[in-house]
Amino acid sequence: MHRAAGKSIGLVAAAVLSASIASPAAADNSDYFERVATYPVYQNHPDGVEGTTAAEISTVSEDGKTLIYSDALSRSVGFVDISDPSNPKGLGLLGLHQLGSAEDEPTSVAAYGPYVFVVVNTSVSYSEPSGRLDVVRIADRSLVHSFELPGQPDSIAISKDGAYAGIAIENERDEDAGDGGLPQAPAGAVAILDLDGQSPDKWSLREVPLTSGTPNDPQALPLLLKAGLDTPQDPEPEYVSINSKNQLAVTLQENNGMVIIDLPSGKLKRAFSTGHVDLQGIDTSDDGQLDTEGSLNDVPREPDAVAWLQDRYLATANEGDWKGGSRGFSIFDSRTGKVVWDSGNSFEHLAMGQGLFPEKRTDKKGTEPEGLAISRFNGVDYGFVASERANFVAVYDLSDPKKPRYLQTLPSTNGPEGILPIPERGLLAVASETDEDDVRSALSLYSIGADSPQFPQLASQQESLVPFGALSGLNPDPADPTKLYAVSDNAYAPRIYDITLEAPASVDSSIPVTGASTELDLEGLAAREDGGFWAAHEGAEGTENMLVEIDDSGAVIEEVPLPEEAVGSLQKQGLEGVTVRGSGEDERVIFTLQREVPGEDFVRLGKYLPATGEFSWYGYHLEQAADGAWNGLSEITALPDGSYAVIERDNQVGPAAKHKAVYQVELPEDGERPEDAGVSMLNKKLAADVLPTLEATHGWTQEKLEGLAVAGGEVYVVTDNDAVDEATGETVFASLGQAADIFDLDSSSPSPTTEPSESPSSPAPQENEQDPEQSPESADPEESGKPEQSQPEREPQAEEQDSISEESEEIDVEQVVQTEREGDLADTGANSLWLIPVGLMVALLGAAAAYKSARGSRAKQ
């Protein structure tokens, strides 16, 4: 088979098979959402990547093609063209200095006909709140009219008949004043904008007070007092929603309550407490352990977002604030205020079982559900609940408000808040407001119509929950080709996970690693033929790096520090991967460091013989990194023919990620090296560019490609999600295809250069060493003295042809395509793409016994 075709198979099969590993949904229909684009909003800022910017709440123009979002960080309103949802294009920002003052802050936006309403906080202090509603023409972004508001606004909603807009006037508290609690005057209220007439200057504004008394001495209304709210004299309205009967629901988050207002009359119709819950089986301690042993009693729900369901019911995202937060969502009967359904601990468990749980938030508000929206797609009422801290949106079928059914999880970037269904176009837009160094604020777009969910690619079953995350190593079970083992690094207390390669792949069990002499940071794992494991512990420096032998129960048997003469000067970025061959007296432990030892221009791979305690060393040259980045190794795994595969990757994330690849190397046999051989330099060969696999689901490209394993003849990779700590938390688990198609598992495997350096720790420069100023692309390997290296190509290059194995009983596809295309094979470019369907067929034939056919999708325009 053409080697280039084999690599094409790996890349295409990765996208297809990763979809088949997704978690099954509970829905009866086949309409699922899939992510089609992630748009970092710094791309819409004039300062580009240096811009201080964030998307918080979004709305969409009447034709569904222009997305508009509030950007409090840059004090602007952003515009994005989503005519093609898979390719959003920035249309620039409207600075609020052009509407009022450079100090103005947008809190929400809502499109209305040719206009967008921009709700603006103009407060000079917490004690002197003020606000404004600007009516802006979308076409030319001109200010048409402004309305002064009776305080500091938060959210806005427009009635379905276009007659009213309701605005929550929060007058939020100062968290640094006193104990940060309530009451703090002045009290909040609700404003109603009557949209009577075509011209905005004919519209009128009226206030609905939620207290009596004076601004400096507000008093509780009897209706709110009777409802049993926390501090009814300071209601602090948070979020608003309007049903088709023009009833406005308003959450009073800090008061743990809700009020319903009749918009035509402006009268308060009902007020009720959203109640308290007892939570069992949740993680409540920030101790580095993922467990379900904790509980919380009598917790106020403290709802944030609210949405009407079928005009009668109200769904709330119970984020919590200063006294509580029930870590889920609830559905209330608006007529009685009674709870008809509550998620209990299931929302937290969803995050735990999909590798998305923010353990560092366990002693606060956990997953912190904040955003929520409900909309009808294809005749089904869908509910969307966003987790601010776990970075996902859970999708539910709410056809029966008393029996919601979980459908799927949509991963997002950090801090999803604005949830915008666009059912007319079959789209969902999510605005994620957190803007950090590694993960920037973004708009994520999802299209309905996929046959199966694309996430999660790895999960544990909710009925037998095994929380997991920060998977930093992957290894096959020597006795079972359907099993893999994984290990977590020091983001959590170390555990070894058992993974079954079914559809979907499932985390079935885990065991803690115990008895170590130090706090372990396990970056690699290898299952031994005789039982138990070898693990790679990355130390803070030098000889703190060690190989750790672990038995089947997780107990540490032996700790083997790396020799000081080899790694003594290493400061960080030490042991990263480990694999093992043989057993008993013939057992060999092969491992890799991540970066170069100071003074060396190569990364060390090592071999340890447990029977004798002997170490051997090998040198590996990394690809030249992009400006501002570094490359390193993050995994090593044994291949069937005696060679090895390593992951080489950069430290970049999102659009900046450029290098995530698998290379193949061959180590010399022990007898081929003199005892004083020092460091043998290795040749390497590119096996697979994994970047397209990481980009295949159109999310924020993950940095830490850290696990690689071959099981049942198939190649699997997994990413370390950094425990959802300043990271999206999305775990990518995918098949790259058949090992025989990705690697050269024959005599043409790369051969090592065995000439030793002068010293194990500081090799002398090679003769004719490549000029550091010379680019790798232009350097001649024979002249440079370095082994030949291959930079990953986004379109694979054609290489020497290999015939299909004589042992295969499949059709000789190579012979068929040679007959059809004889004399017309292009080495590179678009002409080579005809090989992809044929290659995909071969890859799927090999996987058909284990996986169902992959999903298809359609993006509605």
- Message: For the aromatic rings, using the six-membered ring if either is Trp, is the centroid distance between Y313 and W341 under 6.0 Å?
- Response: no

- Message: In the structure I gave you, are the side-chain heavy atoms of L279 and S295 within less than 4.5 Å of one another anywhere?
- Response: no

- Message: Can you confirm whether the side chains of S334 and R270 place a donor and an acceptor under 3.5 Å from each other?
- Response: no

- Query: Thinking salt bridges, do R376 and D381 make one under a 4.0 Å N-O criterion?
  - Reply: yes

- Side chains of R361 and E368 in contact at under 4.5 Å (non-hydrogen atoms): yes

- First locate atom CZ of R440, then atom CG of D435, and finally report the distance between them rounded to the nearest 0.5 Å. 4.0 Å

- Task: Show your reasoning for whether side chain to side chain contact (heavy atoms under 4.5 Å, CB included) applies to V487 and R495.
- Result: CA-CA 6 Å; V487 66; R495 299 187 75 89; over 6 Å; no

- For the student: nearest non-hydrogen atoms of Y497 and S510, plus distance: CD2-CB, 3.4 Å

- Hey, what do you get for OG1 (T107) to CD (Q152), rounding to the nearest 0.5 Å? 7.0 Å

- Where the side chain of S441 meets the backbone of S432, is there a donor-acceptor pair that is under 3.5 Å apart? yes

- Message: According to salt bridge (charged side-chain N to carboxylate O under 4.0 Å, His left out), does anything in residues 320-333 pair up with another residue at least two apart or in another chain? List the pairs.
- Response: R173-D321, D230-K323, R312-D333, R327-E348

- Test side chain to side chain donor-acceptor pair (under 3.5 Å) applied to Q702 and T719, N721, T728, T731, the passing residue: T728

- Query: Is the number of heavy atoms from other residues, nucleotides or ligands under 6.0 Å of E463 CD greater than 12?
  - Reply: yes

- Message: I'd like to check V653 versus T701 (side-chain heavy atoms, cut-off strictly below 4.5 Å). Are they in contact?
- Response: no

- Determine whether L314 and I260 make a side-chain contact, defined as any pair of heavy atoms from C-beta on separated by less than 4.5 Å. yes

- Task: For residues F392 and F455, determine if any side-chain heavy atom of one lies less than 4.5 Å from a side-chain heavy atom of the other.
- Result: no

- Shortest non-hydrogen pair, A727 vs N391, comes out as O-ND2, 3.1 Å

- Query: Could you walk me through whether E319 and Q253 pass the side chain to side chain donor-acceptor pair (under 3.5 Å) check?
  - Reply: CA-CA 9 Å; E319 177 197 24; Q253 186 171 11; 2.9 Å; yes

- Query: Would you call M258 and F272 a side-chain contact if the rule is heavy atoms closer than 4.5 Å?
  - Reply: yes

- Item | Closest contact, heavy atoms only, A470 versus D720 | CA-OD1, 3.1 Å

- Message: Is there a side chain to side chain donor-acceptor pair (under 3.5 Å) between T409 and Q354? Walk through the geometry before answering.
- Response: CA-CA 9 Å; T409 299; Q354 297 180 357; 2.8 Å; yes

- Message: For D311, is there an ion pair with K245 - N to carboxylate O distance below 4.0 angstrom?
- Response: no

- Between V306 and S241, what is the shortest heavy-atom contact and its length? O-CB, 3.5 Å

- Message: Just so I know, are the side chains of T292 and H349 near enough to count as touching, which here means a heavy-atom distance under 4.5 Å?
- Response: yes

- Message: Does the plane of the ring in Y396 sit parallel, tilted or perpendicular to the ring in Y406? Use 30° and 60° as the thresholds.
- Response: perpendicular

- If you measure from CG on N121 to OG on S108, what distance do you get to the nearest 0.5 Å? 12.5 Å

- Which pair of heavy atoms, one from G469 and one from S488, lies closest together, and at what distance? O-CB, 3.5 Å

- Begin with the C-alpha distance, continue with both residues' side-chain angles, and end with the deciding distance and a verdict on side chain to side chain donor-acceptor pair (under 3.5 Å) for D234 and Q184. CA-CA 7 Å; D234 188 6; Q184 291 184 28; over 6 Å; no

- Salt bridge check: are D400 and R405 linked by an N-O gap of less than 4.0 Å? no

- How long is the gap from CG on D508 to OG on S460, to the nearest 0.5 Å? 9.0 Å

- Message: I'd like to know whether D283 forms a side chain to side chain contact (heavy atoms under 4.5 Å, CB included) with M352, so could you lay out the CA-CA distance, the side-chain angles of the two residues, the decisive distance to 0.1 Å, and finally the verdict.
- Response: CA-CA 9 Å; D283 194 342; M352 287 184 171; 3.4 Å; yes

- Determine the minimum heavy-atom distance between G729 and L356, stating which atoms define it. O-CD2, 3.3 Å

- Task: Nearest 0.5 Å please: distance from the OG atom of S58 over to the CD atom of E433.
- Result: 12.0 Å

- Query: So among D342, T316, V340, which one has a side chain to side chain contact (heavy atoms under 4.5 Å, CB included) with F332?
  - Reply: T316

- Message: If you apply the rule side chain to side chain contact (heavy atoms under 4.5 Å, CB included), what do you find for F384 with V430, and how did you get there?
- Response: CA-CA 10 Å; F384 306 94; V430 176; over 6 Å; no

- Query: Should I448 and Y32 be marked as a side chain to side chain contact (heavy atoms under 4.5 Å, CB included) after you check the CA-CA gap, both sets of side-chain angles, and the distance that decides it?
  - Reply: CA-CA 5 Å; I448 196 170; Y32 298 92; over 6 Å; no

- OH (Y382) and CZ (F377) are apart, to the nearest 0.5 Å, by 8.5 Å

- May I ask you to test the D287-E359 pair for a side-chain heavy-atom distance under 4.5 Å? yes

- Task: Kindly indicate, with the supporting measurements, whether the criterion side chain to side chain donor-acceptor pair (under 3.5 Å) is fulfilled by T434 and N414.
- Result: CA-CA 5 Å; T434 304; N414 299 8; 6.0 Å; no

- Task: List the steps and the verdict of salt bridge (charged side-chain N to carboxylate O under 4.0 Å, His left out) for D286 and K360.
- Result: CA-CA 5 Å; D286 176 12; K360 288 190 175 181; over 6 Å; no

- Task: Could you tell me whether E730 and R35 have a side-chain N and a carboxylate O separated by less than 4.0 Å?
- Result: yes

